Structure formats: structure tokens, C-alpha cells
Amino acid sequence: MLSLGNLPTTDVMREADLNSHMHPFTDHDSIGTDDLRVITSASGVFIGDSEGNQILDGMAGLWCVNVGYGRTEIAEAAARQMTQLPYYNTFFKTTHPPVIALAEKLRRLTPDGINKFMFGTSGSDSNDTVIRLARTYWAGRGKPGKTVMIARHNAYHGSSMASASLGGMSAMHAQGGLPIPDIHHIGQPYIFDEAGDMDPNAFGLMRARELEAAIDALGEDRVAAFIAEPVQGAGGVIIPPESYWPEIQRICDERDILLVADEVICGFGRLGTWFGSHHYDIRPDMIAMAKGLSSAYLPIGGVGLTDEVYEGVSQMGEFAHGYTYSGHPVSAAAALANLDILESEGIVDRVGTHTAGVFAEKWSALGDHPLVGEASSLGLLARLELVPDAKSGSRRRFDDVGRVGGMCRDNCFANNLVMRAVRDSMVCSPPLIIKDDEIDILVERAWKALDLTAAAVADEMT
Ligand SMILES: Cc1ncc(COP(=O)(O)O)c(C=O)c1O
């Protein structure tokens, strides 16, 4: 039996893992014992493995460790709360100080009009809550037929039955009988893969107007809400053209539907503003949050809603929804300590006024690599498009989609950098506290991984 106080060798841990642990989003037939990296420590922007490697975490875990690793203030706040009150629920007319303080703080930080907060443990359950709130709201306003949620192809909203249905990931829909009824998907504003020769802003307007067309086709009396990430993250860091969000906002203002911003990745500073909605001037009726809310030190998620949505839902009497861990006091205390760090150290402002600019300049240099068709970033979210003919300016993709991206991801890992491959796009989302010289290390290691990948691709062709 593995004891945390006295770790055995890496090989023993790998074997024990494969004997008893089923990993998320993993093809178990394809992992060998040598493939597993055992992460044992972390500090700042680096994670450490059981073999002594220091790996620059260009993904901040899963887009979530915004304040970086090793912040003892968060650990201490959680420990204090564990001793004071490790758990109590927030059902049945009870509350506790950490959840009150967290809701009050979020009221100040979130976009104007978002005034009430319901908590859960993840982004997935936040988006389940969004669906239940949206449908209950319309029932409360005397329009119970408005149940359809419109989302986008290739969006990611989570992995529960309802949130994966909202998401537009075809691989997820192919397993387990998804999507649930009354979910409709429209196109994504993905310029590189889908705009062809169109002007990006014309393309953005065209994609936004698919929402209007969908409302007309489904019937406004059937549509409850539109949900979207300000910048699609797991779909491949799809940064919409400038024209996109103002047009979506216009449509949502003119039509009788709710607008939901899934801020699970963009929230808490990722774009250099507190929320993605601030960056794009989106006025959401609801926001979903998780990840950066606690910088992932403990699981917590939530939904923020306007007074209008809150009052509509309240028309239906008891809102029959909640989780044992809604507003968990220790997670709430950790989230508060995390938000204190983001605020008191000016981390969000620094991303907006300094780090994003430095990062953009250095990241864009990767666009000169012969394997890269485009290098783009917004705030500390970034993407590289890997293509076979970058030099000619062609956006044509590799035939076997995802294979070269997978090779590049493995080459990053082998060179002590975590980046993720989405098909043949490499995506990056480092902790917000990354320093300028650490950005240099990130870009150097990325370039090296690209070189190794390009060499392997060239070898295959000879
Ligand atoms: C935009 C977005 N929404 C929701 C989720 C789901 O969050 P969780 O994995 O905490 O359930 C994610 C996770 O990556 C996400 O990126």
C-alpha cells in the first residue's frame, strides 16, 4: 500500500496507479507504465515530478491555478476554517460566515447587475445549475415553454450529462446517450479554420447572426437562453473577432432570451480583466464560475445571477436544487484567500497592463516557426495552429487530425513544459503570476518542442 509519508519508487507508483486508478479523458489501452508522470510537488509556475524534473506548467493545471502553486495563505485559511467549522450545509435557512463573505465579495467583483450567487463544486455542476435556473426563471415569468438552451459547436461546458450536452464536443456526445433534449448548437467564431477568405469581422457577424436565425427557427417562445464562453478554451482557445460579442449582445437585448457567460476559464483575471464579460463588454444575465475562483486549491464553483433572474426563479416557490457541498465553508474560505491575493497583489491588473503584452510579443514570435500557421493570444490564453505548409500561408491541416498536435504535446512534456494539444492546435494558459523571464523559458521550450515535432514530421515524409 502506498503511504504518502514515504513514497516508493516511480515505477512502483506507476504500476499501482494503472492497477487501480481510472483516469479522466484517457484511452487506457494506450497508456503504458512509462507514459505516466507522477507529479509530487509544485511552486510558483513549476510542477515537480517524482524523478526530480521541474516542469513549467503552461496550462496552470487545467486553466485554473491562477495565483500559482504554493500559496501558504490559502492553505492557512483552509486549515483555520477546518478547525473552526469544517462543514455545514447552506440548505434549510442556514448559512455561515465564509459563504456570506464570499458572496459579498463576488457581488463587488463580478459584472454589473450580477448580485446573487449559488454555489457548487465545479464548472460542470455550475452549468447544470444554469440550465435549471434558466428554465425555472421562464416558468416563474409565466413562459414554461421556454426551455431550449442554445450553445455552440465545439464549446466546452463540462462533463456531467447536462453540461456535456450544452457543450458542443462531438466525441463527448458520441458516448452515453447525449445530448439531453432541448439543447441546440450553432456555429463557433473560429476564424482560422472556418472563415476561409472572409473578412474576420464579417465572419464574426455571420456567426453571431446564427443565433438570431436559430431563435427564429425554434421560435422565441421556446428559447430560454444562449450560453457561451467569452473565449472558447478547451475547444482550442478560439478568440472571436471584435464584431462577434457586440452582435450577440444586440440579439440577446432585442429578443426575449437570457444571456449566460461561461466564465469558468475567462473569469478571475485570465484575459487581464476580472471577467471575460468585462473585456468584451458583455452584460450577462448569469455567469458560471469555478477554476480561478479558488485557483483550484479546493473545489468550488458557482453561478452568479441578476436580481431579475433571482426574482423570476423565486416566483416558483422553493427552487428544488442544491448540493451537499454548496457553499462548503472550507472551499469558500480558500476562495476568499485566493481572491484576497488576486486583489491585494494587483495580479489581474498586472496581467492587463503588463504580462499579457509581454506574453503576446514573445508568443507571436512562435508564429515564425515553419510548423506554425498562426500564433495568437489574448490575456494569458494562447494558441498555435500547426499546419503542414505554414510557409506558403496556407491554412490546410494535416490529414490525420490530432496526430501532430499529440506529438508536439509529448515533445513539450519531454522538455519540461506542459502545453495541451486540441486537435492540431497547441494551447497555453499559464498561471497569472508568470514572470517575464519565465515567459522566456516557456517560449524557448515551446520552440524546441516545435523543432522536434517538425523534424519527426519531416522524417516521416522521407
Ligand atoms: C468553460 C468551461 N466550463 C465548464 C467547465 C467544467 O468545469 P469542471 O471541470 O470544473 O466541471 C470547464 C472545464 O474545463 C470549462 O473550461
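Just so we're clear, the structure is a prediction, and the values are computed from it rather than from any experiment. Counting starts at 1 for both ligands and their atoms, in listed order.
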Ligand 1 polar-atom proximity to protein (N/O, under 3.5 Å):
unit_1   : atom_1 : unit_2 : atom_2 : d
ligand 1 : 3 (N)  : D262   : OD1    : 3.3
ligand 1 : 3 (N)  : D262   : OD2    : 2.8
ligand 1 : 7 (O)  : G123   : N      : 3.4
ligand 1 : 10 (O) : G123   : N      : 2.9
ligand 1 : 11 (O) : G123   : N      : 3.4
ligand 1 : 11 (O) : S124   : N      : 2.7
ligand 1 : 11 (O) : S124   : OG     : 2.5
ligand 1 : 14 (O) : K291   : NZ     : 2.9

### Message
Counting the benzene-type ring for Trp, do F268 and F275 have ring centres under 6.0 Å apart?
### Response
yes

### Query
Parallel, tilted or perpendicular: which fits the ring planes of F359 and W363, with parallel below 30° and perpendicular above 60°?
parallel

### Message
Counting neighbours of CD on E220 that are heavy atoms of other residues, nucleotides or ligands and sit closer than 6.0 Å, is the number greater than 12?
### Response
yes

### Message
For F117, does the six-membered ring have the charged nitrogen or CZ of R107 within the cation-pi criterion, i.e. under 6.0 angstrom from the centroid and within 45° of the normal?
### Response
no

### Side-chain heavy atoms of W63 within contact of K291, under 4.5 Å
yes

### Note, T121 side chain near Y323 side chain (heavy atom, < 4.5 Å)
no

